[in-house]
Amino acid sequence: MIFSSDRLELRKLYFDSWHKYLIKQPLTDLETQITRIIEHHPEYHHYLSNLDNLDKDFPPEIGETNPFLHMGLHMGLIEQVVTNRPNGIHQIYQQLCQQQRDEHKVQHMMMDHLAESIWSAQKNHMPPDESNYLEQLQLLISR
């Protein structure tokens, strides 16, 4: 689990994990999880090869995906699945993985709803609506 709200500190963890991976240094479990996500996203490798990108902004109006937000959503979703919080998400994830046979694709499908849930909670100044979130994820199974 990542226990920081400092943007630079969190981003540095991605940079450091990727660098350690590339030079074949031993990784912690967290660093291994991070590098697996990075491996699935070659479009982000150039960001992680240049520390000048550590404090780069990715305003939505430019239309550029924020790689750190995207990878953070992967990390958040994995944490939800491992801890089964909200209750039932682990089973939904397993069903989707069996159905789709592509764990990374499943994470992307589910992350769209995670991001929407977070955005809605922030917009409404409320905690995330876990039951609505799970309902949306459950609908992915029947597609």
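Numbers here simply count residues along the sequence, with the first being 1. All values below come from the heavy atoms of this structure, side chains included, with hydrogens, waters and symmetry mates left out.
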Is a salt bridge present between Arg11 and Asp16, judged by a nitrogen-to-oxygen distance below 4.0 Å?
no
Between the CG atom in Asp112 and the CD atom in Gln107, the distance rounded to the nearest 0.5 Å is 12.0 Å
Rounded to the nearest 0.5 Å, what's the gap from CZ on Phe68 to CG on Leu48? Could you check?
5.5 Å
Sequence neighbours excluded, which residues qualify as side-chain hydrogen bond (donor to acceptor under 3.5 Å, both in side chains) partners of Gln99?
none
May I have the step-by-step check of side chain to side chain contact (heavy atoms under 4.5 Å, CB included) for Tyr47 and Trp18, ending in yes or no?
CA-CA 11 Å; Tyr47 289 115; Trp18 188 238; over 6 Å; no
Do Trp119 and Met111 share a hydrophobic cluster (ILVMFWY, side-chain heavy atoms under 4.5 Å, transitive)?
no
Distance-only, no hydrogens or angles: does the Asn66 side chain make a donor-acceptor pair with backbone N or O of Pro59 under 3.5 Å?
no
Within 6.0 angstrom of His19 NE2, more than 12 heavy atoms from elsewhere:
no
Gap separating the NZ atom of Lys123 from the CD1 atom of Ile118, nearest 0.5 angstrom:
15.0 Å
Quick check against the 3.5 Å criterion: does His90 have a side-chain atom that pairs as donor or acceptor with the backbone of Asn87?
no
Hey, what's the ring geometry for His41 with Tyr44, parallel, tilted or perpendicular (30° and 60° as the breaks)?
parallel
pair Met110-Ile89: side-chain heavy atoms closer than 4.5 Å:
yes
How about Tyr133 and Gln80: does a side-chain donor come under 3.5 Å of a side-chain acceptor?
yes
Looking only at heavy atoms, the pair that brings Arg101 and Gln98 closest together is CG-O, 3.6 Å
Under 3.5 Å side-chain donor-acceptor pair for Tyr21 and Glu39:
yes
Among the clusters formed by ILVMFWY side chains lying less than 4.5 Å apart, do Leu22 and Met71 turn up in the same one?
yes
Point-to-point distance, once rounded to the nearest 0.5 Å, from OG1 of Thr28 to NZ of Lys20:
6.0 Å
Would you compute the distance between atom CG of Asn50 and atom NE2 of His45 and round it to the nearest 0.5 angstrom?
15.0 Å
Has Asp29 got more than 12 heavy atoms of other residues, nucleotides or ligands less than 6.0 Å from its CG?
no
Under a 3.5 Å distance rule, please check whether Lys105 uses its side chain to pair with a backbone N or O of Gln100 as donor and acceptor.
no
Verify side chain to side chain contact (heavy atoms under 4.5 Å, CB included) between His70 and Leu73, making sure each step is shown before the conclusion.
CA-CA 5 Å; His70 183 87; Leu73 286 169; 5.6 Å; no
State plainly whether one hydrophobic cluster holds both Leu77 and Leu10, where clusters connect Ile, Leu, Val, Met, Phe, Trp and Tyr through side-chain heavy atoms under 4.5 angstrom apart.
no
For His108 together with His74, are the ring centres under 6.0 Å from each other?
yes
Closest non-hydrogen atoms of Leu96 and Leu137, given as atom of the first, atom of the second and distance, are CD1-O, 4.5 Å
Give a yes or no on whether Leu139 and Met109 share a hydrophobic cluster (residues Ile, Leu, Val, Met, Phe, Trp, Tyr; joining criterion: side-chain heavy atoms under 4.5 Å apart).
no
Just verifying a value: how many Å separate Ile141 CD1 and Ile92 CD1, rounded to the nearest 0.5 Å?
5.5 Å
Has Lys56 got its NZ or CZ under 6.0 Å from the middle of the six-membered ring of Phe58, at an angle within 45 degrees of the ring axis?
yes
Honestly curious: do Leu114 and Ile37 fall in one hydrophobic cluster under the side-chain, below-4.5 Å linking rule?
no
Under 4.0 Å between a Lys/Arg side-chain N and an Asp/Glu carboxylate O for Arg85 and Glu79?
no
Give a yes or no on whether Gln91 atom CD has more than 12 heavy-atom contacts from other residues, nucleotides or ligands under 6.0 Å away.
no
Check whether Gln33 reaches the backbone of Leu30 with its side chain - one donor and one acceptor, N or O, closer than 3.5 Å.
no
Backbone N/O of His113 and side chain of Ser117: donor-acceptor pair under 3.5 Å:
no
Go through the steps to decide whether Arg7 and Asp57 satisfy the test salt bridge (charged side-chain N to carboxylate O under 4.0 Å, His left out), and finish with yes or no.
CA-CA 11 Å; Arg7 179 173 106 155; Asp57 289 321; 2.8 Å; yes
For the backbone of His104 and the side chain of Asp102, can you confirm whether one donor and one acceptor N or O come within less than 3.5 Å of each other?
yes
For the side chain of Asn124 and the backbone of Met126, is there at least one donor-acceptor N/O pair under 3.5 Å apart?
no
Given the rule in the side chain to side chain contact (heavy atoms under 4.5 Å, CB included) test, do Glu43 and Thr65 qualify, once you have shown the distances and angles that lead to the verdict?
CA-CA 10 Å; Glu43 69 275 21; Thr65 300; over 6 Å; no
If only atom types and distance count, is the side chain of Ser17 paired as donor or acceptor with the main-chain N or O of Tyr14 below 3.5 Å?
no
Could you please spell out the steps behind the side chain to side chain contact (heavy atoms under 4.5 Å, CB included) verdict for Ile78 and Glu103?
CA-CA 11 Å; Ile78 291 166; Glu103 191 172 6; over 6 Å; no
